[in-house]
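A, B, ... follow the sequence lines: proteins, then strands. Residue 1 opens every chain.
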Amino acid sequence: MNFKFQLIYWYSNNKRQLPWRETKNPYYIWLSEIILQQTQVKQGLPYYDAFVDQYPTIFDLAEATETSVLKLWQGLGYYSRARNLHAAAKYVVNELNGEFPNNYKDLLKLKGVGDYTASAIASFAYNEVAAVVDGNVYRVLSRYFGIDTAINSTIGIKEFKSLATSLIDKAQPAIYNQAIMEFGALQCKPKNPDCHICPLKDGCVALQKNLVSVLPVKLKKTKVTNKYYNFLVCIDNSKQILFEKRTNKGIWQNLYQFPLIESEKSLAPEEFHLLNFENTILSTEDFDYSLYNETDIIHKLSHQHLHTKFWIIDIDQLPNNAIAIASLTNYPTSVLISDFIDNFNF
DNA sequence: AAAGCGGGGAT
DNA sequence: ATCCCAGCTTT
């Protein structure tokens with residue numbers, strides 16, 4: 001048996017039952033693919049169910065507000081996916097008369113849809129011969145064929161896409177694509193795969209040459225920068241609180257948070273006055289404050305470590321852009337903020 | 001070509 | 001700690 005039939009045979013015996021595999025509806029398949037970008041199935045599954053439940057059609061999604069879409073996305077990370085998802089839904093409904101793009105080339109025009117996702121939707125929903133290359137595929141191909149080209153280099157991306165295209169089963173592209181990804185996820189795992197029970201072991205170059213643990217090759221890691229965040233939790237006598245939208249570029253765009261002042265270093269409790277209040281409505285004179293967390297909460301993103309302090313500030317009367325404390329949970333926020341809201345005794 | 005963008009799981 | 005996850009967009 002050749003490579004593709006071995007994969008498909010293995011898949012038929014080992015595949016997981018997942019809801020997006022039970023449908024050919026391109027909207028549901030698209031939804032699942034966006035959710036699963038850089039996200040493990042276990043983490044994405046409850047979000048998929050929630051989106052299907054709350055937005056059963058692309059029209060429902062298009063009619064929603066971005067804030068409500070972000071709220072449902074809360075906790076999943078990479079929030080540009082949610083913003084792009086919503087924008088693409090509006091594009092399909094308003095510009096394409098609600099007809100979902102039905103081929104690789106047109107799928108690529110959707111915001112948040114790149115080569116992998118366009119190939120996945122085109123093959124799964126329309127059985128188009130378009131080879132997917134995700135993290136699983138990179139791993140399987142680099143090991144089986146013993147390829148040490150860096151998978152995140154420009155040349156590597158082209159080389160693996162070309163190889164994947166040459167291998168796909170043109171008679172059943174949907175099954176083949178599913179099979180190679182599932183094989184990478186369950187059998188050809190990143191760490192300590194059980195190669196002695198692998199159906200492809202006889203042809204696997206990495207196994208013969210003892211290169212399983214070093215393939216695939218990936219270029220360097222991103223450098224982590226440290227930042228020092230000071231959130232001002234400003235509460236007044238009528239249980240109002242300041243909460244505002246992050247409109248800047250960068251992390252957590254369009255999510256909500258308490259007023260934030262960055263500092264150059266981690267401040268001691270008595271150094272509160274060193275914060276730069278220039279762009280806030282507060283002056284350091286007219287309120288009492290305390291520090292919620294004695295030691296910094298370190299919120300780790302892939303490229304930033306956020307050393308965070310929550311300063312609790314009591315004020316007589318906040319301006320009328322403040323919101324009710326009871327309504328805080330209606331707003332989409334980062335995990336850093338939602339954890340605080342869940343734990344703080346308001 | 002490189003950097004930016006989250007959060008959690010596995011080891 | 002470190003790497004990885006059904007990657008894409010911006011610089």
Side-chain angles (χ1 to χ4, degrees), chain A residues 15-16 18-21 29-48 70 73-85 87-88 107-124 130-140 150-158 160-161 164 174 177-186 188-193 213-225 227 246 248-255 298-306 332-339:
Chain A
K15 66 178 174 182
R16 293 168 288 183
L18 299 169
W20 45 85
R21 288 184 176 154
I29 292 172
W30 168 60
L31 199 49
S32 74
E33 292 302 337
I34 302 300
I35 286 171
L36 292 172
Q37 286 168 5
Q38 295 292 285
T39 303
Q40 296 187 345
V41 167
K42 184 177 180 181
Q43 188 189 5
L45 191 49
Y47 286 86
Y48 174 82
L70 284 170
W73 199 272
Q74 179 175 307
L76 196 54
Y78 283 159
Y79 296 92
S80 65
R81 292 183 292 170
R83 299 191 303 270
N84 288 334
L85 184 81
L107 286 161
L108 266 184
K109 296 174 185 169
L110 300 179
K111 280 189 178 178
V113 173
D115 179 79
Y116 163 76
T117 305
S119 301
I121 301 170
S123 61
F124 300 162
V132 293
V133 185
D134 73 336
N136 295 305
V137 175
Y138 280 121
R139 190 166 53 252
V140 172
I151 61 172
N152 56 345
S153 65
T154 302
I155 186 70
I157 291 168
K158 288 179 63 177
F160 281 96
K161 176 72 178 183
N177 277 340
Q178 297 268 9
I180 190 169
M181 287 193 289
E182 190 80 334
F183 182 78
L186 301 183
C188 196
K189 299 183 294 184
K191 305 288 184 186
N192 309 317
S213 62
V214 301
L215 294 177
V217 173
K218 203 170 182 177
L219 294 175
K220 61 175 176 239
K221 42 193 178 264
T222 55
K223 198 178 108 225
V224 174
T225 60
K227 290 191 171 183
R246 283 184 76 106
N248 297 340
K249 295 276 189 183
I251 64 171
W252 300 333
Q253 189 180 5
N254 293 0
L255 301 190
I298 304 178
H299 188 78
K300 295 180 177 179
L301 308 181
S302 52
H303 59 305
Q304 294 179 25
H305 286 184
L306 306 176
T333 74
S334 63
V335 167
L336 175 60
I337 299 300
S338 66
D339 279 352

Considering all heavy atoms, the nearest [X]-[Y] contact:
X        : Y        : value
A:Val113 : A:Ala118 : CG1-N, 3.5 Å
A:Ile34  : A:Arg81  : O-NH1, 3.2 Å
A:Ala130 : A:Ser123 : O-CB, 4.1 Å

Original post:
Under a criterion of less than 4.0 angstrom to any heavy atom of chain A, what are the 5'-terminal and 3'-terminal contacting nucleotides of DNA chain C?
Top reply: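 For DNA chain C, the relevant span reads C:dC3 to C:dT9.
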Original post:
For atom P, what is the distance between B:dA3 and C:dA6, given to the nearest Å?
Top reply: 25 Å
Original post:
Distance between the P atoms of B:dG6 and C:dT11, in whole angstroms?
Top reply: 15 Å
Original post:
Got a sec, which residues hit salt bridge (charged side-chain N to carboxylate O under 4.0 Å, His left out) with A:Lys109, two or more places apart in sequence or on another chain?
Top reply: A:Asp106
Over all strands shown, is [X] touching base, sugar-phosphate only, or nothing at heavy-atom distances under 4.0 angstrom?
X        : value
A:Asn177 : nothing
A:Gln304 : sugar-phosphate
A:Val113 : sugar-phosphate
A:Ser153 : nothing
A:Arg21  : base

Subject >> Whole angstrom value for the distance that separates C1' of B:dG6 from CG of A:Leu70 >> reply: 13 Å
Can you give me the N/O atom pairs linking the protein to nucleotides 7-10 of chain B at distances under 3.5 Å, or say none if there are none?
| unit_1 | atom_1 | unit_2 | atom_2 | d |
| --- | --- | --- | --- | --- |
| B:dG7 | OP1 | A:Tyr79 | OH | 3.0 |
| B:dG7 | OP1 | A:Val335 | N | 3.2 |
| B:dG7 | OP2 | A:Trp252 | NE1 | 3.3 |
| B:dG7 | OP2 | A:His299 | NE2 | 2.7 |
| B:dG7 | N2 | A:Gln43 | OE1 | 3.4 |
| B:dG9 | O4' | A:Gln40 | OE1 | 3.2 |

Subject >> Residues A:Phe124, A:Gln178; criterion side-chain contact (heavy atoms from CB on, under 4.5 Å); working and verdict >> reply: CA-CA 8 Å; A:Phe124 300 162; A:Gln178 297 268 9; 3.6 Å; yes
Original post:
So which one's nearest nucleotide on DNA chain C is more toward 5', A:Val41 or A:Lys249?
Top reply: A:Val41
